[in-house]
Amino acid sequence: MLSTTQTEQNPSTVRKSNPRAEAFKTFMKRLLKNKAAVVGGLIILFIILVGIFGPFLVKTDPNAQNILNKLQPPSKEHWFGTDNFGRDIFSRIVNGTKLTLTVGFLSVFIGGIIGVVIGIVAGYYGGAIDTITMRLMDILLAFPGILLALAIVSVLGGSLINVIIAVGIFSIPAFARIVRGSTLQVKKLEYIDAVKALGASDIRIIFKHILPNIMSPIIVQATMRIATAILTASGLAFLGLGAQPPAAEWGAMLSDGRAFMHNAGHMVLIPGMMIVIVVLAFNIFGDGLRDALDPKMKQ
């Protein structure tokens with residue numbers, strides 16, 4: 001009875017909620033208002049599910065050849081038609097989804113981790129460390145992304161692993177510059193000075209007090225960077241420097257269909273459309289995340 005009476009006398013204790021939960025609800029509310037971002041997110045979710053479960057649900061061997069059925073148009077038997085070796089394009093698209101997403105996510109993860117560390121260290125310490133690291137990032141940014149990745153893969157050799165490394169390397173400067181700028185803003189805040197006065201170490205300040213407060217631009221950059229990574233990886237595969245045959249990679253499939261564009265246009269149209277849809281979905285969803293996480297959008 002005592003606790004009930006106290007609760008009745010202090011109704012504010014009942015209404016008290018977790019600030020993080022409230023912030024998340026506000027974020028989701030703003031994100032769901034953006035219909036384009038919702039559509040993009042649903043497409044991404046569907047593509048991820050296809051990449052995970054598709055190879056187990058589609059029983060057709062993506063590398064099984066049947067020359068008698070080569071260059072067949074889309075039909076009930078072969079939903080996306082067949083290629084010049086008689087392979088089922090639908091099963092190859094489904095199995096290639098995993099490869100495409102693997103390159104996109106892993107390369108951005110590698111570039112993001114390295115770029116975040118470089119950017120946060122440069123922004124926090126400043127001075128010579130900031131000058132040297134940022135000039136190195138400027139050198140990398142001076143090269144167009146696809147040319148830098150092409151040069152790296154040419155040196156390392158054409159393979160899926162080397163493509164991931166190359167795309168990861170050219171993603172580093174973008175993360176480093178964004179994180180550095182955000183770190184410069186956060187480290188000027190009063191609570192950082194208070195934490196320093198209490199004797200907190202630099203590592204603790206960086207990873208417990210600064211990094212959590214600059215996650216929004218990192219998440220947005222990572223989402224939009226995945227689209228760039230997929231497009232770049234597909235371009236390298238198109239040039240024969242990505243996943244090697246008979247791997248069902250969308251860029252490689254697009255390259256294989258070049259010679260048959262006039263009499264079997266589906267060989268080029270379908271993998272090309274898949275690349276466009278996935279890249280567009282990540283870009284739209286990234287734009288929605290940026291708007292939802294922007295403090296200026298708060299009402």
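Heads up: numbering here begins at 1 and tracks the sequence. Atom set for the values below is all heavy atoms of this structure, side chains included, hydrogens, waters and symmetry mates excluded.
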Could you name each residue pair satisfying side-chain hydrogen bond (donor to acceptor under 3.5 Å, both in side chains) that touches [range], not counting sequence neighbours?
range: residues 97-106; answer: none
range: residues 230-240; answer: none
range: residues 62-78; answer: Asn63-Arg92, His78-Asp88

Any side-chain heavy-atom pair of [X] and [Y] under 4.5 Å:
X: Val38; Y: Leu31; value: no
X: Phe170; Y: Leu150; value: no
X: Val278; Y: Trp250; value: yes
X: Ile67; Y: Asn84; value: no
X: Phe175; Y: Val108; value: yes
X: Ile284; Y: Val39; value: no
X: His209; Y: Val186; value: no
X: Leu211; Y: Val116; value: yes

Would you please name every residue forming a side-chain contact (heavy atoms from CB on, under 4.5 Å) with Leu184, sequence neighbours left out?
->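 In terms of side-chain contact (heavy atoms from CB on, under 4.5 Å), with neighbours along the sequence ignored, Leu184 is linked to Arg180, Lys187.
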In terms of hydrophobic clusters joined by side-chain contacts under 4.5 Å, are [X] and [Y] together?
X: Val276; Y: Val279; answer: no
X: Ile218; Y: Leu289; answer: yes
X: Leu147; Y: Val167; answer: yes
X: Ile139; Y: Leu141; answer: no
X: Leu231; Y: Met273; answer: no

If you compare all heavy atoms of [X] against all heavy atoms of [Y], which two are closest, and at what distance to 0.1 Å?
X: Leu101; Y: Ile47; answer: CD1-O, 3.7 Å
X: Ser107; Y: Ile164; answer: CB-O, 3.5 Å
X: Val163; Y: Ala233; answer: CG1-CB, 3.8 Å
X: Leu241; Y: Ser154; answer: CD1-OG, 4.3 Å
X: Gly257; Y: Val268; answer: O-CG2, 3.1 Å
X: Ala200; Y: Ile205; answer: O-CD1, 3.8 Å

Please list, chain by chain and in numerical order, all residues satisfying ring-ring contact (aromatic ring centres under 6.0 Å, His included) with Tyr124, sequence neighbours excluded.
-> none
What do you reckon, is [atom1] of [X] surrounded by more than 12 foreign heavy atoms closer than 6.0 Å?
X: Arg177; atom1: CZ; result: no
X: Tyr191; atom1: OH; result: yes
X: Met215; atom1: CE; result: yes

Any donor and acceptor pair, going by atom type alone, linking the side chain of Arg258 with main-chain N or O of Ser255 inside 3.5 Å?
-> yes
Any sub-3.5 Å donor-acceptor pair from Asp130's side-chain atoms to Gly123's backbone N or O?
-> no
Can you check side-chain contact (heavy atoms from CB on, under 4.5 Å) on Phe282 and Thr223, steps first, answer last?
-> CA-CA 6 Å; Phe282 274 104; Thr223 304; 4.2 Å; yes
Verdict with supporting geometry, Val103 and Ile230, side-chain contact (heavy atoms from CB on, under 4.5 Å) = CA-CA 7 Å; Val103 173; Ile230 290 174; over 6 Å; no
Could you measure the distance from the [atom1] atom of [X] to the [atom2] atom of [Y]? Nearest 0.5 Å is fine.
X: Lys25; Y: Lys29; atom1: NZ; atom2: NZ; answer: 11.5 Å
X: Ile270; Y: Asp83; atom1: CD1; atom2: CG; answer: 11.0 Å
X: Asp256; Y: Met267; atom1: CG; atom2: CE; answer: 6.0 Å
X: Met274; Y: Leu269; atom1: CE; atom2: CG; answer: 11.5 Å
X: Met137; Y: Ile132; atom1: CE; atom2: CD1; answer: 12.0 Å
X: Leu42; Y: Phe285; atom1: CG; atom2: CZ; answer: 9.0 Å

Residues Thr133, Val121; criterion side-chain contact (heavy atoms from CB on, under 4.5 Å); working and verdict = CA-CA 9 Å; Thr133 54; Val121 169; over 6 Å; no
Chi angles and distances behind the side-chain contact (heavy atoms from CB on, under 4.5 Å) call for Ile120, Ile214 = CA-CA 10 Å; Ile120 203 168; Ile214 61 173; 4.1 Å; yes
Less than 4.0 Å between a side-chain N and a carboxylate O, is that true for Asp61 and Arg87?
->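 Result for this pair is no, no salt bridge flagged.
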Name all pairs fulfilling the ring-ring contact (aromatic ring centres under 6.0 Å, His included) condition that reach into residues 84-120, sequence neighbours left out, sorted by first residue then second.
->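 For residues 84-120: Trp79-Phe90, Phe80-Phe90.
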